[in-house]
Amino acid sequence: MRTMLKDTYAGDVSPDMDGERVRLAGWVHEVRDLGGIKFVLLRDRTGVVQLTLPKAKVPEDTFERAGKLRKESVISVVGEVKANEKAPGGVEVIPERIEVLSESETHLPLDPTGKVDADLDTRLDARVLDLRREEPRTYFMVRNTFTTAVREYLENHGFVEVHTPKIIATATEGGTELFPVVYFERDAYLAQSPQLYKQMLMGAGFERVYEIGPIFRAEEHNTRRHLNEAISIDIEMSFIEDEEEPMEVLEGMLEHAFERVRQEHSEELKRMGIEVPEVEAPFERITYEEALDILSEHGIEVEWGEDIPTEGERKLGEVFEDEPVFVTEWPKETRPFYTMVKDEEKGTTRAFDLLFRGIELASGAQREHRYDVLRAQIEEDGLNPESFEKYLEAFRYGMPPHGGWGLGLERTLMTMLNVPNIREVTLFPRDRKRLEP
RNA sequence: GCCCCGGCGGUGUAGCCCGGUCUAUCAUCCGGGCCUGUCGAGCCCGGGACCCGGGUUCAAAUCCCGGCCGGGGCGCCA
């Protein structure tokens with residue numbers, strides 16, 4: 001990366017570049033004025049480098065200007081690299097010229113050097129400044145590595161990326177609340193999931209699709225693991241024999257993506273005290289019934305047919321520690337109409353959830369591809385098949401057996417990085433209280 | 001939707017329980033000064049705050065009520 005104003009990243013300046021002339025640009029991290037010598041710490045997205053200005057060795061106006069720099073102003077610098085043991089990292093830059101490109105106001109809403117803590121709420125209010133800090137920046141570099149690795153894996157396994165509509169006409173799965181939007185003269189909603197469209201693409205013969213896109217949930221929840229707008233990684237695949245195949249894609253993909261993050265970010269994560277766990281496919285698999293038994297052994301009673309409550313998820317997280325675990329064979333009543341029933345007598349389905357560190361990261365299933373059965377299940381759920389007409393049509397002209405899952409991106413990152421609040425890994429989170437920035 | 005908790009300078013806090021030199025603590029920060037090796041620089045001087053409204057009281061940051069804003073738990077989910 002080079003521009004006319006910048007040819008070197010702060011983090012790339014190293015002692016073996018001694019004598020080289022560099023153009024740097026970034027933010028004034030700190031200024032230490034000792035009178036006859038001044039130190040300016042220049043920060044960019046790669047790190048911090050020290051500019052050293054001994055009065056006798058730099059032009060007078062540059063020396064004067066350095067003393068007047070305000071924290072967080074944007075500057076560009078032309079200078080010479082000097083290896084020097086006294087400098088942090090053993091290297092510093094002696095500037096010839098310092099140009100202020102944009103001056104920062106004083107009284108910053110928070111301290112980007114991180115010497116003084118700020119509450120998450122304060123940080124999110126001043127998110128642009130907050131994102132200049134190393135920790136949040138690292139989270140989003142990890143996020144980028146993660147989604148890149150996900151695409152890599154899925155592309156290598158024959159999945160094609162698609163984009164389905166986010167403005168929809170009807171409630172998809174029922175259940176969660178939808179955000180209404182005014183669509184010209186009609187009512188419409190923001191999509192809570194790409195589910196129905198992914199399936200329609202199976203009918204279209206795409207065979208393997210994935211989508212990384214936003215989902216919207218109008219639930220008034222107020223917790224550290226919920227957002228009203230989140231990113232979902234979704235796949236759907238055709239010609240599967242059972243739900244085992246999409247599960248294998250999920251565990252393989254996560255193994256790969258976690259490994260990538262470990263490879264590319266271990267250094268800065270270690271500095272922050274974060275260790276990304278090694279996850280290895282195949283993951284543990286237990287049935288819903290076995291999960292209930294385990295919980296019962298730990299004093300948590302869940303009635304068959306009920307969803308596993310938060311307390312139970314947490315307990316399972318303790319039991320399986322850093323091991324992701326699939327919970328399979330969920331009862332029919334806990335699952336939406338498009339889920340394929342596995343055992344009519346027992347009332348179990350081909351649905352699965354992926355739990356990791358006590359939190360639900362993904363859910364998926366083999367879907368019902370038989371038109372008549374699907375239609376009947378819509379009715380059983382108390383929904384009107386007529387409002388699913390266009391969806392159902394996809395099942396009338398040849399629909400392969402298929403299945404897939406949706407994985408919450410932010411949920412995955414927050415558990416992977418062990419951060420206490422999902423908002424940490426979201427650039428500009430949307431929750432019950434927050435609509436801006 | 002139900003429940004719990006909290007609001008003090010730009011930021012993070014002490015003080016609140018047990019009202020009274022609180023003329024409000026400390027750090028960071030901001031402004032000024034000194035200093036040629038800082039790296040959480042140091043030293044000196046200065047600046048800046050009790051969420052809003054009402055009530056109780058001789059007296060309210062402190063007690064009570066309401067509002068606003070925020071944090072979290074549950075439910076539901078990714």
Side-chain angles (χ1 to χ4, degrees), chain A residues 29-41 48-58 63 67-68 70-72 82 84-92 94 104-126 129-130 173-177 192-195 213-234 306-314 334-336 353-356 359-364 405-415 420-423 425-426 431-434:
Chain A
H29 192 62
E30 263 179 273
V31 182
R32 297 202 188 92
D33 186 346
L34 275 66
I37 185 166
K38 301 185 206 294
F39 301 95
V40 176
L41 300 184
V48 176
V49 67
Q50 174 167 289
L51 311 176
T52 303
L53 298 95
K55 188 168 184 159
K57 288 184 186 161
V58 296
F63 186 78
K68 290 189 191 127
R70 285 177 171 173
K71 278 189 178 183
E72 297 304 315
K82 276 258 188 274
N84 187 335
E85 281 184 9
K86 283 183 281 186
V91 67
E92 60 192 8
I94 314 296
S104 174
E105 290 182 19
T106 57
H107 281 108
L108 302 165
L110 49 80
D111 169 23
T113 64
K115 268 182 260 176
V116 181
D117 284 345
D119 292 339
L120 181 59
D121 188 52
T122 305
R123 290 172 41 212
L124 291 174
D125 279 339
L129 251 72
D130 182 50
E173 311 162 32
T176 84
E177 296 292 316
Q192 62 157 137
S193 142
Q195 184 56 34
I215 56 172
F216 305 91
R217 308 268 161 107
E219 293 287 341
E220 297 195 7
H221 36 48
N222 188 220
T223 78
R224 339 173 252 168
R225 61 186 189 287
H226 288 272
L227 293 167
N228 292 293
E229 176 179 348
I231 298 296
S232 178
I233 299 171
D234 264 89
E306 295 289 303
D307 239 314
I308 295 177
T310 307
E311 191 196 3
E313 287 180 354
R314 245 187 241 128
T334 64
R335 292 288 152 161
D353 273 4
L354 180 70
L355 259 54
F356 182 43
I359 164 165
E360 185 184 334
L361 296 189
S363 64
W405 41 256
L407 169 74
L409 173 59
E410 290 87 358
R411 284 262 176 109
T412 306
L413 291 168
M414 83 177 278
T415 45
N421 195 308
I422 197 166
R423 295 164 182 84
V425 294
T426 313
D431 61 37
R432 181 70 185 89
K433 303 284 176 65
R434 185 174 289 279

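Order of the sequence lines fixes the chain letters, A, B, ..., with proteins taken first and strands second; residue numbering starts at 1 for each chain. What you see below is based on every heavy atom in this structure, not just the backbone, and it leaves out hydrogens, waters and symmetry mates.
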Of the listed nucleotides [options], the one nearest the side chain of [X]:
X: A:Thr310; options: B:rG37, B:rG70, B:rC76; result: B:rC76
X: A:Lys433; options: B:rG31, B:rG70, B:rG37; result: B:rG70
X: A:Arg217; options: B:rA78, B:rG37, B:rG71; result: B:rA78
X: A:Glu360; options: B:rA78, B:rU36, B:rG72; result: B:rA78
X: A:Glu30; options: B:rC77, B:rU36, B:rG40; result: B:rG40
X: A:Lys71; options: B:rC77, B:rC30, B:rU36; result: B:rC30
X: A:Arg225; options: B:rC76, B:rU38, B:rA78; result: B:rC76

Is there a donor in the side chain of A:Glu92 and an acceptor in the side chain of A:Thr52, or the other way round, less than 3.5 Å apart? yes
Rounding to the closest angstrom, what is the interatomic distance between [N] and [M] at atom [atom1]?
N: B:rG6; M: B:rU13; atom1: C1'; answer: 14 Å
N: B:rC63; M: B:rC16; atom1: C1'; answer: 10 Å
N: B:rU21; M: B:rC34; atom1: C1'; answer: 35 Å
N: B:rA24; M: B:rA49; atom1: C1'; answer: 9 Å
N: B:rG67; M: B:rA59; atom1: P; answer: 26 Å
N: B:rG66; M: B:rG19; atom1: P; answer: 22 Å
N: B:rG71; M: B:rC29; atom1: C1'; answer: 25 Å
N: B:rG48; M: B:rU23; atom1: C1'; answer: 15 Å

Roughly how many Å is it from [atom1] in [X] to [atom2] in [N], rounded to a whole number?
X: A:Ile37; N: B:rG42; atom1: CD1; atom2: P; value: 17 Å
X: A:Phe39; N: B:rC35; atom1: CZ; atom2: C1'; value: 12 Å
X: A:Lys82; N: B:rC39; atom1: NZ; atom2: C1'; value: 20 Å
X: A:Ile308; N: B:rC74; atom1: CD1; atom2: P; value: 15 Å
X: A:Leu41; N: B:rC39; atom1: CG; atom2: P; value: 11 Å
X: A:Glu219; N: B:rG1; atom1: CD; atom2: C1'; value: 10 Å
X: A:Lys68; N: B:rC30; atom1: NZ; atom2: C1'; value: 18 Å
X: A:Arg224; N: B:rC76; atom1: CZ; atom2: P; value: 18 Å

OG1 on A:Thr412 to CG on A:Leu407, rounded to 0.5 Å: 3.5 Å
Using a 4.5 Å cut-off on heavy atoms from C-beta on, say whether the side chain of [Y] contacts that of [X].
X: A:Asp125; Y: A:Pro109; result: no
X: A:Pro194; Y: A:Ile215; result: yes
X: A:Leu227; Y: A:Arg423; result: yes
X: A:Leu41; Y: A:Gln50; result: yes
X: A:His226; Y: A:Glu410; result: no
X: A:Asp121; Y: A:Arg434; result: yes

Both A:Arg423 and A:Arg432 contact RNA chain B. Which one's nearest nucleotide lies toward the 5' end? A:Arg432
Does the structure show a Watson-Crick or G-U wobble partner for [N], both distances under 3.5 Å? Name it, or say none.
N: B:rG1; result: B:rC74
N: B:rU36; result: none
N: B:rC68; result: B:rG7
N: B:rG12; result: B:rC26

Sequence-aligned protein contact record of nucleotides 2-12 of chain B, with B where the base is within under 4.0 Å of a protein heavy atom and S where only the sugar-phosphate is: --------BBS
Once you apply a heavy-atom cut-off of 4.0 Å, does [X] come out as touching a base, just sugar-phosphate, or nothing?
X: A:Asp307; result: sugar-phosphate
X: A:Glu105; result: nothing
X: A:Leu361; result: sugar-phosphate
X: A:Glu313; result: base
X: A:Ser232; result: nothing
X: A:Leu407; result: nothing

With a 4.0 Å cutoff (strictly under), does any side-chain N or O of A:Ser363 reach OP1 or OP2 of B:rA78? yes
Within the structure, does a side-chain N or O atom of A:Asn421 lie under 4.0 Å from either OP1 or OP2 of B:rG72? yes
Are A:Asp33 and A:Lys68 close enough, and set up right, to give a salt bridge (charged side-chain N to carboxylate O under 4.0 Å, His left out), and what steps lead you there? CA-CA 10 Å; A:Asp33 186 346; A:Lys68 290 189 191 127; over 6 Å; no
Would you kindly check whether a donor in the side chain of A:His221 faces an acceptor in the base of B:rC74, or vice versa, at under 3.5 angstrom? no
Suppose we call a contact any N or O donor and acceptor under 3.5 Å apart; does that hold for the side chain of A:Arg411 and the base of B:rC77? yes
Would you mind listing every salt bridge (charged side-chain N to carboxylate O under 4.0 Å, His left out) that reaches into residues 224-234 of chain A, with sequence neighbours excluded? A:Lys198-A:Asp234
Residue set satisfying salt bridge (charged side-chain N to carboxylate O under 4.0 Å, His left out) with A:Arg432, at least two apart, ordered chain then number -> A:Glu220
